[in-house]
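By convention here, the first residue in the shown sequence is residue 1.
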Amino acid sequence: ARSQELSSSLWGMAKLGLTPHDRFLKAWYAAAQRETCHASPQQLANMLWAFGKFKLKPQERFLNSWFHAAEKCVEGMNEEERTSVNWAFRQLSIQPRKSISDQLG
């Protein structure tokens with residue numbers, strides 16, 4: 001799966017009010033570990049927003065990949081994406097890295 005497919009599948013489930021099962025998440029995390037580095041600002045925002053909607057804190061390994069990818073493109077996030085990411089951080093009680101929080105505002 002590519003980053004667009006990973007982002008869209010998680011976002012779609014969250015929009016429909018569905019909660020992913022463990023088996024789905026295991027496969028999703030495995031693919032996300034390879035693809036998160038290729039994600040666009042919108043895809044990164046949608047992934048984190050979906051976890052916020054699920055009220056499910058992502059695995060630490062995924063968060064590390066997410067932060068690494070976001071550090072490269074957070075300045076390219078539009079206002080809606082920044083708002084979604086900040087909302088997800090609050091929902092999930094995640095303290096963003098300073099390099100990201102400084103740019104998110």
Side-chain angles (χ1 to χ4, degrees):
R2 293 175 302 183
S3 59
Q4 176 64 50
E5 295 161 339
L6 291 165
S7 172
S8 294
S9 62
L10 213 58
W11 181 87
M13 290 180 82
K15 285 296 274 187
L16 292 171
L18 303 173
T19 302
H21 292 280
D22 290 342
R23 191 168 153 193
F24 172 86
L25 281 174
K26 184 176 180 181
W28 190 92
Y29 280 128
Q33 195 61 38
R34 296 186 304 272
E35 294 297 322
T36 301
C37 62
H38 304 296
S40 70
Q42 180 184 20
Q43 292 162 359
L44 290 170
N46 286 349
M47 288 177 193
L48 208 58
W49 176 86
F51 279 107
K53 286 293 281 186
F54 300 141
K55 294 184 178 7
L56 176 67
K57 192 168 185 177
Q59 290 179 347
E60 197 67 32
R61 190 171 175 191
F62 168 75
L63 277 177
N64 288 333
S65 296
W66 189 94
F67 281 127
H68 183 73
E71 285 171 341
K72 296 177 187 175
C73 68
V74 69
E75 64 191 29
M77 285 186 177
N78 64 34
E79 192 61 34
E80 182 180 355
E81 292 157 353
R82 290 170 190 258
T83 299
S84 293
V85 168
N86 280 322
W87 176 84
F89 284 150
R90 286 190 308 276
Q91 283 292 110
L92 300 168
S93 300
I94 294 173
Q95 179 63 44
R97 292 179 181 170
K98 184 165 175 32
S99 57
I100 292 174
S101 63
D102 287 349
Q103 294 184 56
L104 286 174

Taking the side chain as C-beta and beyond, is there a heavy-atom pair between Phe24 and Ser9 under 4.5 Å?
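The answer is yes; the side chains approach within 4.5 Å.
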Within the 4.5 Å heavy-atom criterion, are Leu104 and Phe89 side-chain neighbours or not?
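A side-chain contact exists here, since the closest heavy-atom pair is under 4.5 Å.
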Please find the pair of heavy atoms, one from [X] and one from [Y], that lie closest to each other, and give the distance.
{"X": "Met47", "Y": "Leu10", "result": "O-CD2, 3.9 Å"}
{"X": "Gln59", "Y": "Tyr29", "result": "N-OH, 3.1 Å"}
{"X": "Pro96", "Y": "Ser101", "result": "CG-CB, 3.8 Å"}

Might you confirm whether atom [atom1] of [X] has over 12 heavy atoms from other residues, nucleotides or ligands at distances under 6.0 Å?
{"X": "His38", "atom1": "NE2", "result": "yes"}
{"X": "Glu80", "atom1": "CD", "result": "no"}
{"X": "Asp102", "atom1": "CG", "result": "yes"}

Do the side-chain N and O atoms of Ser8 and Gln4 include a donor-acceptor pair separated by under 3.5 angstrom?
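Yes.
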Same hydrophobic cluster for Val74 and Val85, using side-chain heavy-atom links shorter than 4.5 Å among ILVMFWY?
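Yes, Val74 connects to Val85 through the hydrophobic network.
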Check ion pair Glu79-Arg82 (N to O, under 4.0 angstrom):
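No.
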Check for a donor-acceptor pair, side chain of Gln103 on one end and backbone N or O of Ile100 on the other, with a separation under 3.5 Å.
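No; judged by distance alone, with no hydrogens or angles, the pair does not exist.
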Taking Gln43 for its side chain and Ser40 for its backbone only, find out whether a donor-acceptor pair lies under 3.5 Å.
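Pair found, side chain donor or acceptor close to backbone of Ser40.
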Taking the ring of Trp87 and the ring of Phe51, is the distance between their centroids below 6.0 Å?
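Aromatic pair excluded; centres sit 6.0 Å or further apart.
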Could you walk me through whether Asn78 and Glu81 pass the side-chain contact (heavy atoms from CB on, under 4.5 Å) test, one step at a time?
CA-CA 5 Å; Asn78 64 34; Glu81 292 157 353; 3.3 Å; yes
